[in-house]
Amino acid sequence: MTGTAFAISVHKSAASIEAEWRHMEADGAVTAFQRFDFVAPLYAAFAAHGRAEPVIVLVRTADGGRPAMILPLSRHQDGGRIITFADLRVADYCAPVLARGFSPDAATFRALWRQIESALPAADIVHLRKLPATVGGRPNPLLWLRPRAAFPVHAHGVAIAHPWHQHAAGAISKKQLGELRRSESNLGRLGTLGFAFHDGGAAAVALFEDLYAQRTARFAALGRDDVLADPMWAAFYRDLVAGTTARPAARMMGLTLDGTFIASGLGLVHDGAFLLLIPSFDMQRYARFGLGRLQIYRAMQAFAEDGLTYFDLTIGDEPYKSAFGVDDRTLFEVLRPLSPRGLGLAAVWHAKVLLRRFPTLRERLRRWTGRA
């Protein structure tokens, strides 16, 4: 695409370009976290709580005005004026929405990026985090940008297939399968164990409230940070499930015992995959049964039978994920200074990236600065 000219426009409302956005989703490439039905509720949550403002970049070809790319960004204050993807903690993968046929080479995209930076509102840095190497099987053009670094946390997932038990025997260790079967057997002595999932509707909304109650009680007891304890994020996920701002985008799932949900989870279905975002379970009564892993196992089985081919445990290096024979995917980040203050923020980022190579030194510095 060398020599192609582009026109850039920046929008403050996702609704103003909804038609182009949905067309590019259907005909091009996008991650689950940049689909309109995920991003529109996110912008609504930002607006309702004053956390960030939309910065939506639409790139068109200059010759015919055809949409080529959408960047769902936002701007917020955090030690400076920061432009990032629409995220703030809930988008596990961040990438452009790419039109069919838009595959720029390095020189073309870097020239385009200079145009984009010139069109952005005033900011100190652009910090693009959690960038996957590919988008819908195509190279992520943001990885052409520099400076670039590996993101400190990986993403993980595993292929699933039907017939499930045959596939699981080859993908999951014998030890893990044995533990899962013992959990099923022990729970089976208490009642009838089942699994259900819902895509939108009253049942999904009711199940979200069960998840909310389970999760907030569990994390409060553990003294852990919980995304749902923040009213903005609780409202965002309710919107995602109910489809208040856009179409319902979340799949709710759960383990039942005699028809009562004892574990639950919220995720997204996209491009043949289920992406697990928020799992929970009744810790007070069933902690000893290993419900977290058992729910994932049952979900893998149900979704494989439903035609999905990949179970994405998304970002995070929690030890339990390795028990399912997951892959290990590197994500990336890019930081671009846009002002003198941004140069200082970039210097701090470069130092942090350098320290990642020396974990012992990094841990000592955390202790010395009181951030352990």
Side-chain angles (χ1 to χ4, degrees), residues 25 29-43 45-46 51-52 70-74 76 84-98 127-138 140 142-143 148-160 208 211 215 219 224-228 230 232-234 236-237 239-241 246 249-253 265-280 292 295-296 299-300 303 308-322 324 326-334:
E25 282 183 20
V30 63
T31 85
F33 300 97
Q34 283 74 53
R35 291 173 56 184
F36 184 87
D37 293 328
F38 186 92
V39 177
L42 192 49
Y43 283 139
F46 291 169
R51 300 281 181 89
I70 294 174
L71 287 167
L73 307 176
S74 63
H76 67 281
T84 67
F85 269 92
D87 175 14
L88 295 190
R89 72 177 292 178
V90 296
D92 288 355
Y93 307 134
C94 295
V97 186
L98 301 174
H127 193 183
L128 308 177
R129 305 162 70 245
K130 298 182 282 188
L131 307 177
T134 60
V135 187
R138 294 156 56 180
N140 182 351
L142 292 174
L143 298 194
R148 188 191 78 191
F151 195 65
V153 183
H154 295 81
H156 307 275
V158 62
I160 57 176
F208 175 82
L211 179 148
R215 172 104 174 184
F219 276 60
R224 290 173 56 187
D225 174 52
D226 179 18
V227 65
L228 293 180
D230 185 324
M232 182 180 82
W233 295 127
F236 163 69
Y237 284 113
D239 192 343
L240 209 63
V241 173
R251 169 171 287 186
M252 295 300 305
M253 67 176 193
L266 180 153
L268 307 172
V269 177
H270 176 69
D271 200 19
F274 176 78
L275 298 86
L276 178 61
L277 305 186
I278 304 179
S280 191
Q295 175 175 226
I296 290 172
M300 288 177 173
F303 299 158
L308 299 184
T309 58
Y310 192 78
F311 196 99
D312 197 335
L313 292 162
T314 68
I315 195 169
D317 295 321
E318 296 87 349
Y320 79 87
K321 294 181 180 181
S322 61
F324 291 98
V326 295
D327 57 24
D328 186 356
R329 285 171 285 129
T330 300
L331 303 175
F332 299 89
E333 60 179 317
V334 169

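Because the structure is a prediction, the values reported are computed rather than measured. Hydrogens, waters and symmetry mates are skipped; everything else that's a heavy atom, side chains included, is used.
- Ring geometry, Phe46 versus Tyr43: the interplanar angle exceeds 60°, so the pair is classed perpendicular (tilted spans 30 to 60°).
- For the atom pair CE (Met232) and CG (Leu88), the distance works out to 5.5 Å, reported to the nearest 0.5 Å.
- Leu128 pairs with exactly one of Thr84, Leu143, Leu73, Asp87 by the side chain to side chain contact (heavy atoms under 4.5 Å, CB included) rule, that one being Leu73.
- Put simply, CG on Leu308 and CD1 on Ile160 are 5.5 Å apart, with the number rounded to the nearest 0.5 Å.
- For the pair Pro132/Leu331, a side-chain contact is recorded, criterion being any heavy-atom separation below 4.5 Å from C-beta on.
- Using a 4.5 Å cut-off on side-chain heavy atoms (C-beta onward), Leu313 and Tyr320 make contact.
- Aromatic pair Tyr310/Phe303: ring centres not closer than 6.0 Å.
- Side-chain atoms of His270 come within 3.5 Å of backbone N or O of Val30 as a donor-acceptor pair.
- Side-chain contact, Tyr93 with Asp312: a donor N or O sits under 3.5 Å from an acceptor N or O.
- In this structure, Asp327 contributes its side chain and Gly157 its backbone to a donor-acceptor pair below 3.5 Å.
- In this structure, Ile278 CD1 and Leu228 CG are separated by 4.5 Å, a value rounded to the nearest 0.5 Å.
- For the side chain to side chain donor-acceptor pair (under 3.5 Å) test, residues two or more places apart in sequence or in another chain that qualify with His127 are Glu333.
- Here CG of Leu71 is found 8.5 Å from CG of Leu98. Values are rounded to the nearest 0.5 Å.
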Kindly determine whether Asp230 and Arg89 satisfy salt bridge (charged side-chain N to carboxylate O under 4.0 Å, His left out), including the steps that lead there.
-> CA-CA 12 Å; Asp230 185 324; Arg89 72 177 292 178; 5.9 Å; no
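- Shown here for Pro72 and Gln34, the closest heavy-atom pair between the two residues is CG-CG, 3.8 Å.
- Atom CZ of residue Phe208 and atom CG of residue Asp239 lie 10.5 Å apart, to the nearest 0.5 angstrom.
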